[in-house]
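Lettering follows sequence order; numbering is per chain, from 1. Keep in mind that the numbers below use all heavy atoms, side chains included, and drop hydrogens, waters and symmetry copies.
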Protein chains: 2
Amino acid sequence: MIRDLELAFIKIHILHHADKEGVFGIGLMAELARHGYGIGPGTLYPTLAKLEKGGFLTCAARTVEHKQRKYYHITPKGRALLNNMRAKLKELYQEVIEEQ
Amino acid sequence: MIRDLELAFIKIHILHHADKEGVFGIGLMAELARHGYGIGPGTLYPTLAKLEKGGFLTCAARTVEHKQRKYYHITPKGRALLNNMRAKLKELYQEVIEEQ
DNA sequence: TTTTACAATATCGTATTCCGATATTATCAT
DNA sequence: ATGATAATATCGGAATACGATATTGTAAAA
């Protein structure tokens with residue numbers, strides 16, 4: 001009932017980070033935890049897979065620091081979604097925070 | 001995959017409006033449509049019922065303009081949630097919009 | 001070469017949610 | 001009473017959430 005609100009914010013975070021640099025599962029979990037968001041592997045990995053399947057992210061396996069990771073990057077379609085959400089976020093911010 | 005992002009924003013909208021004044025189903029649908037959000041009765045009414053059940057909104061039936069409506073108002077618990085989401089929204093805004 | 005340890009990703013099952021279409025309820029005018 | 005309209009409620013198939021568990025890949029130790 002409430003959780004989905006956080007999850008939505010988490011997804012926007014993911015798109016935003018995937019726009020700036022490659023992101024991978026565990027790294028994201030740590031980054032999100034730093035921001036006060038909790039998400040476990042059972043939710044995050046299927047989410048990344050769905051974002052890839054939907055064409056918003058691309059995936060490339062790479063070995064870094066002796067660890068096999070799947071790095072995700074944003075696609076043009078993903079960037080379009082992100083920009084769309086940015087616009088909605090801006091509007092929501094203005095209504096819910098600025099004008100009270 | 002994407003829809004839930006909009007839905008989260010819609011729920012925050014609902015809480016925000018229910019904080020300012022009484023809101024009811026169809027009125028909300030029109031208001032949200034004005035903001036570019038689409039939500040049908042099959043989603044909105046269960047959502048309102050769940051928010052009430054969760055203790056975030058209270059409900060009072062009233063007859064206005066010859067129409068029987070169920071007006072929802074925010075509760076202290078709902079306001080706490082709203083403020084929590086406001087804080088997260090602010091943080092997200094700063095990260096995703098301001099600092100690019 | 002096997003084994004061990006560890007990091008990273010993937011899957012499973014139950015409970016919950018979404019939402020278009022349809023049904024139900026309430027009110028007033030005729 | 002009857003009809004018209006506004007508002008709310010319900011149904012069912014498809015999709016999602018997520019803790020717990022399993023699987024895969026890498027490198028150092030035995």
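At least one donor-acceptor pair under 3.5 Å links the side chain of B/R86 to the backbone N or O of A/V96. Under a 3.5 Å cut-off, the side chain of A/K11 and the backbone N or O of A/L51 do not form any donor-acceptor pair.
B/L51 has its CG atom 13 Å from the C1' atom of C/dT17, to the nearest Å. Counting to the nearest Å, the C1' atom of D/dA17 and the CE atom of B/M1 are 12 Å from each other. Regarding A/M29, its CE atom lies at a distance of 14 Å from the P atom of C/dA10, rounded to whole Å. Atom CZ of A/R69 and atom P of D/dT24 are 21 Å apart (whole Å). Look at CD1 on B/I2: it is 16 Å from P on C/dC18, rounded to the nearest Å. Atom CG in A/L28 sits about 13 Å away from atom P in C/dA10, given to the nearest Å. Between A/R62 atom CZ and D/dG25 atom P the separation is 18 Å, expressed in whole Å. With rounding to whole Å, A/L48 atom CG is found 14 Å from C/dA8 atom P.
Between B/F56 and A/I2 there is a side-chain heavy-atom pair separated by less than 4.5 Å. Taking the side chain as every heavy atom from C-beta outward, A/I10 and A/L28 never approach each other to under 4.5 Å.
Qualifying side-chain contact (heavy atoms from CB on, under 4.5 Å) partners for A/F24, counting only residues two or more places apart in sequence or in other chains: A/I26, A/R69, A/Y71.
Of all heavy-atom pairs spanning B/A18 and B/L57, the tightest one is CB-CD2, 3.6 Å.
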Problem set entry | Letter per nucleotide, 5' to 3', of nucleotides 19-30 of chain C [B base touched, S only sugar-phosphate touched, - untouched; heavy atoms, 4.0 Å] | BBB----SSS--
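Ion pairing between a basic and an acidic side chain is recognised when a charged N comes within 4.0 Å of a carboxylate O; A/E6 and A/R3 show such pairing.
Side-chain polar atoms of B/H17 and B/E31 form a donor-acceptor pair below 3.5 angstrom.
The stretch residues 8-24 of chain B comes close to DNA chain C through B/K11, each having a heavy atom under 4.0 Å from the strand.
Contact between the side-chain N/O atoms of A/Y45 and the OP1/OP2 oxygens of C/dT9 is found at a separation under 4.0 Å.
Positionally, the nearest nucleotide of DNA chain D for B/G25 lies more toward the 5' end than for the other of B/G25 and A/K50.
Ring geometry for A/H13 versus A/H35: interplanar angle of 30 to 60°, hence tilted.
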